Every structure is written in structure tokens, then in C-alpha cells.
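Dropping the structure in here first, questions after.
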Amino acid sequence: MERVGILFVISGFSGAGKGTILKEVLSQMPDLKFSVSATSRSPRVDEIDGVHYHFISNDMFEKYIESEAFVEYAKTFNYYYGTLKSEIENPIREGRDVIFDINVVGAKSIKEQYPDCITVFVTPPSLSDLRIRLMGRNSETEETLDCRIKEAKKEIIEMQNYDYIIVNDDVKKCANALISIIKSAKYQTKRNIDVIKSLSEEQK
Ligand code: 5GP
């Protein structure tokens with residue numbers, strides 16, 4: 001049987017440290033493809049167009065919506081964020097695993113469209129930790145900081161729908177936890193039905 005790529009959807013409060021964990025995981029798993037989302041927000045100082053996001057204008061984003069270029073999209077913090085169909089369909093066909101950094105709305109939508117995907121929620125140990133991390137990022141004003149904390153409070157209720165939860169108290173430890181989840185996925189029974197079929201055939 002041809003290998004079908006597995007989708008790993010990672011969500012977490014903005015500022016939970018997902019980005020750092022993903023960077024570590026991707027450096028250790030070079031075959032894993034990061035899904036580069038499109039967004040209408042401006043790049044932060046260390047962000048590169050086409051690597052972290054496809055940075056596009058609001059108008060362009062709306063044109064993409066009209067032309068049905070997205071698998072899913074959401075508007076958070078007044079900006080659009082969306083997963084392009086091309087980021088998902090090509091790797092699946094090529095049998096490559098893909099990892100997504102998307103919010104709870106996007107994760108829900110991907111789970112509906114691709115029920116075999118694996119969802120992981122990354123959280124800091126507490127909301128006060130989250131505030132400290134966001135302040136340390138130096139890219140937040142008092143207003144955007146409050147907005148991100150408010151959004152986090154709304155997202156807590158969605159955590160129960162995820163397959164896995166990782167508490168980010170140490171980047172290396174969390175990256176290893178995520179790597180374990182990714183590595184074990186291919187052994188799930190539902191991904192090995194052909195093994196059962198072949199053994200059943202043999203015993204006839
Ligand atoms: P940030 O502005 O901090 O990079 O991201 C803000 C939020 O948007 C994060 O929770 C991130 O996971 C989410 N996000 C990034 N890309 C996408 C996407 O393509 N779709 C959705 N639904 N959310 C996204």
C-alpha cells in the first residue's frame with residue numbers, strides 16, 4: 001500500500017511557545033513539512049516571508065477566499081490566517097507528513113475534513129506564565145497583550161477536543177514529547193489495515 005502523509009495539527013495559546021517547539025522538532029525531523037500559512041498581518045522582526053508565513057495584503061487574502069484557495073481560514077486579532085490547499089494536498093499525495101501551527105478554529109475545521117489527523121494542544125503551565133512570555137516577546141502593546149490573553153481564555157474550553165496536550169515547561173522536553181507523538185502515529189492500527197489484510201489472506 002502507498003504511504004499517505006499524516007497531518008499533525010498543533011494549536012496553543014498565542015505565546016505558548018509553539019513556534020520554538022516546532023523549530024526544534026523540525027530541526028530533528030527534516031522530512032516533516034511545515035505548512036506555511038498565509039496571513040494578512042505584518043511580519044515580526046525575525047520572520048521571513050515564505051518560511052514562517054506567506055505575508056499578503058488584506059485584499060489579496062479576500063481574493064484567495066473568493067477563489068477557494070484555502071482549506072480553512074480564520075480571523076483572529078483582526079488579521080486573517082489561512083491554510084492554503086496546496087500546503088496540504090501535495091505532501092499528502094507524496095506521502096509526506098505535514099505539521100500545522102493553527103488556532104482552535106482551524107484545527108476543528110481540519111479535523112472535520114481530515115478525521116485521521118492528529119491534534120496536539122500546547123499550553124504554558126499557567127495564564128500568568130503566558131502573560132510573562134508575551135511580555136518578553138516585546139512585540140505586544142498593552143492592548144494586543146490583553147487581546148491575546150482574552151483569546152486564550154476562550155480557547156481553554158476547546159482543549160478537551162484535542163488528541164494530546166503538552167504542558168510547555170521546558171522546550172527540549174516538549175519537543176521530545178511531540179517527536180514521540182509524531183513517531184508513534186504511523187503504528188496506529190488504522191494506518192496498518194493492510195498488515196491485517198495481508199495476514200488474513202495468508203491464513204485462508
Ligand atoms: P501569530 O500572529 O502569533 O503568528 O498567530 C496567531 C494565531 O494564529 C496562532 O494561534 C496561530 O496558531 C494561528 N494561525 C496561524 N496560521 C493559521 C492558519 O493558517 N489558520 C488558522 N486557523 N490559524 C492560524
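When a ligand or atom number is given, it counts from 1 through the structure's own listing order. Note that the structure is a prediction, hence the values are computed from the model and not measured. What's counted below: heavy atoms across the whole structure, side chains too, no hydrogens, waters or symmetry copies.
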Trace of the side chain to side chain donor-acceptor pair (under 3.5 Å) decision for D163 with T119: CA-CA 5 Å; D163 298 319; T119 55; 3.2 Å; yes
Ligand 1 contact on R44 by region, counting heavy-atom pairs under 4.0 Å: side chain
Heteroatom distance test (G82, ligand 1): nitrogen or oxygen, under 3.5 angstrom: yes
Residue selection (non-hydrogen contact nearest atom 19 (O) of ligand 1) among S37, A152, S11: S37
For atom 23 (N) of ligand 1, the protein heavy atom that lies nearest, with its residue and separation: N103 N, 3.1 Å
Shortest protein heavy-atom distance from atom 18 (C) of ligand 1, along with the residue and atom involved: I102 CG2, 3.2 Å
Test ring pair (Phe, Tyr, Trp, His ring centres under 6.0 Å) applied to F77 and Y79, step by step: CA-CA 6 Å; F77 314 123; Y79 297 112; 8.4 Å; no
Cationic N near anionic O, under 4.0 Å, K111 to E72: no
Heavy atom of the protein closest to atom 20 (N) of ligand 1 (residue, atom name, distance): E72 OE2, 2.8 Å
Distance-only N or O hit between ligand 1 and Y81, under 3.5 Å: yes
Ligand 1 N/O within reach of R41 N/O, cut-off under 3.5 Å: yes
Distance from atom 12 (O) of ligand 1 to nearest protein heavy atom, with residue and atom: D101 OD1, 2.7 Å
Atom CD1 of I196 with >12 non-hydrogen neighbours under 6.0 angstrom: yes
N or O contact, K18 vs ligand 1, cut-off under 3.5 Å: yes
Mode of F13 contact toward ligand 1 - side chain, backbone, both, neither (heavy atoms, under 4.0 Å): neither
Element-labelled atoms of ligand 1 that are located less than 4.0 Å from some non-hydrogen atom of R148: 2 (O), 3 (O)
Whether T83 lies under 4.0 Å from ligand 1, heavy atom: yes
G106: numbered ligand 1 atoms lying under 4.0 Å from its heavy atoms: 22 (N)
Heavy-atom pair with the smallest gap, counting every atom of A107 and I102: N-CD1, 3.7 Å
For atom 4 (O) of ligand 1, closest protein heavy-atom neighbour: Y53 OH, 2.6 Å
Heavy-atom pair with the smallest gap, counting every atom of P124 and D129: CB-CB, 4.1 Å
Residue pair I21 / C174: nearest heavy atoms and the distance that separates them: CD1-CB, 3.6 Å
Least distance between heavy atoms, N78 atom then K75 atom: O-CE, 3.8 Å
Close-contact set for ligand 1 against A74 heavy atoms, below 4.0 Å: 22 (N)
S109 to V71 - nearest heavy-atom pair and separation: OG-O, 4.1 Å
Set of ring pair (Phe, Tyr, Trp, His ring centres under 6.0 Å) partners for F61, sequence neighbours left out: F70, Y80
